[in-house]
There are 2 protein chains.
Amino acid sequence: MTKVNSITTFEEHLSKQYGEKGTSTRDKFETKAKAFTIGALLKDERLQAKLTQEQLANKIGAKKSYISRVENGKTDIQLSTLYKIFEVGLSKQITISIA
Amino acid sequence: MTKVNSITTFEEHLSKQYGEKGTSTRDKFETKAKAFTIGALLKDERLQAKLTQEQLANKIGAKKSYISRVENGKTDIQLSTLYKIFEVGLSKQITISIA
DNA sequence: ATCAAAGTTATCTAATAATGTAACTGTTTC
DNA sequence: GAAACAGTTACATTATTAGATAACTTTGAT
């Protein structure tokens, strides 16, 4: 058994895998990561509301396949979509704050 | 001088001008209103940072015309654009919260 | 193990955001 | 009021989301 002699920070990991901050590859990854985060948030809220993807989709006039894509961070959604899903679909209030 | 005998609430105003909640005309207006709100927020932050539209644009590899369109709510921006402008362009942290 | 429901993925089309360029309109300064 | 700077708008192109449909995969229940 060997001792771990280095800790790969998340930042290091990102740099190694996706290049320095500001590069296009890295930027693309970070965009995806954020879409993924929103997706996870959505999934969480949807499950709390005890809705299936299809039920949620119906509420906003969309298809279940679309909800799936959003939840899995496969699309860089528009602001209107964000509002539609959370406010219309889940009756939640969205707040965007800048700090 | 006459007494004001009715108050037109914002909700009433919206209904009269744009139809009931959930109609496509009303929805379109609300989408625009929100884009406009984000735009106002951006303008506010940009001015606080004492940047011109062109300086901000340069920071994120965009054109000043694009910043103008966002500030005036003429486009339904994508999440990645939101992050790019505020985080990269203005070094601000964006938080999206659901309540 | 089978069946049904839920979720994921692929493909196509249509709508629209992002981008580039350039002209036009204010606004400020001298 | 001319010049310089800042912001807005118009137009064309490209890239990508939104949306429909259908097939495929995973999961859960019996």
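Bear in mind the structure is a predicted one, so any value in this text is a computation, not a measurement. Atom set for the values below is all heavy atoms of this structure, side chains included, hydrogens, waters and symmetry mates excluded. Quick note on labels: first sequence line is chain A, next is B, and so on, each numbered from 1.
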For [X] and [N], give me the distance from atom [atom1] to atom [atom2], rounded to whole Å.
{"X": "B:Asn58", "N": "C:dG20", "atom1": "CG", "atom2": "P", "answer": "11 Å"}
{"X": "B:Gln53", "N": "C:dT25", "atom1": "CD", "atom2": "C1'", "answer": "13 Å"}
{"X": "A:Glu54", "N": "C:dT8", "atom1": "CD", "atom2": "P", "answer": "13 Å"}
{"X": "B:Tyr83", "N": "C:dA18", "atom1": "OH", "atom2": "P", "answer": "14 Å"}

Contact interval (first through last nucleotide) of DNA chain D with protein chain B, 4.0 Å heavy-atom: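 Result: D:dA6 to D:dT17.
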
For DNA chain D, the residues among residues 32-52 of chain A that have a non-hydrogen atom under 4.0 Å from it: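 Under 4.0 Å from DNA chain D: no residue of residues 32-52 of chain A.
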
Residues from residues 65-79 of chain A lying under 4.0 Å of DNA chain D - heavy atoms: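 A:Ser65, A:Tyr66, A:Arg69, A:Thr75, A:Asp76, A:Ile77, A:Gln78, in order of number.
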
Test applied, side chain to side chain contact (heavy atoms under 4.5 Å, CB included); reference residue, B:Leu82; option that passes from B:Ile38, B:Leu42, B:Val70: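 Per the side chain to side chain contact (heavy atoms under 4.5 Å, CB included) rule, the option paired with B:Leu82 is B:Ile38, out of B:Ile38, B:Leu42, B:Val70.
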
Qualifying residue for side chain to side chain contact (heavy atoms under 4.5 Å, CB included) with B:Ile67, from B:Lys43, B:Gln53, B:Gln55: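 Single pass found, and it is B:Gln53.
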
Has the side chain of [X] got a donor or acceptor atom that lies under 3.5 Å from a matching backbone atom of [Y]?
{"X": "A:Asp76", "Y": "B:Ser80", "answer": "yes"}
{"X": "B:Arg69", "Y": "B:Lys74", "answer": "no"}
{"X": "B:Asn72", "Y": "B:Ser68", "answer": "yes"}

Trace of the side-chain contact (heavy atoms from CB on, under 4.5 Å) decision for B:Leu56 with B:Tyr66: CA-CA 10 Å; B:Leu56 173 57; B:Tyr66 183 62; over 6 Å; no

4.5 Å side-chain heavy-atom contact, A:Arg46 and A:Glu71: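 The answer is yes; the side chains approach within 4.5 Å.
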
side-chain contact (heavy atoms from CB on, under 4.5 Å) between A:Ile60 and A:Thr81, intermediate numbers included: CA-CA 10 Å; A:Ile60 61 169; A:Thr81 305; over 6 Å; no

Qualifying residues under salt bridge (charged side-chain N to carboxylate O under 4.0 Å, His left out), relative to A:Lys84, sequence neighbours excluded: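 Per chain and number, A:Lys84 pairs via salt bridge (charged side-chain N to carboxylate O under 4.0 Å, His left out) with no residue.
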
What side-chain donor-acceptor pairs closer than 3.5 Å can you find for residues 85-98 of chain A, not counting sequence neighbours?
unit_1  : atom_1 : unit_2  : atom_2 : d
A:Glu87 : OE1    : B:Lys34 : NZ     : 2.8
A:Glu87 : OE2    : A:Ile94 : N      : 3.3

5' precedence on DNA chain C between B:Thr81 and B:Lys64 (nearest-nucleotide basis):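 Nearest-nucleotide comparison on DNA chain C picks B:Thr81.
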
Residues which pass side chain to side chain donor-acceptor pair (under 3.5 Å) with B:Ser65, listed by chain and number, not counting sequence neighbours: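 Once residues adjacent in sequence are excluded, B:Ser65 has no partner under the side chain to side chain donor-acceptor pair (under 3.5 Å) criterion.
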
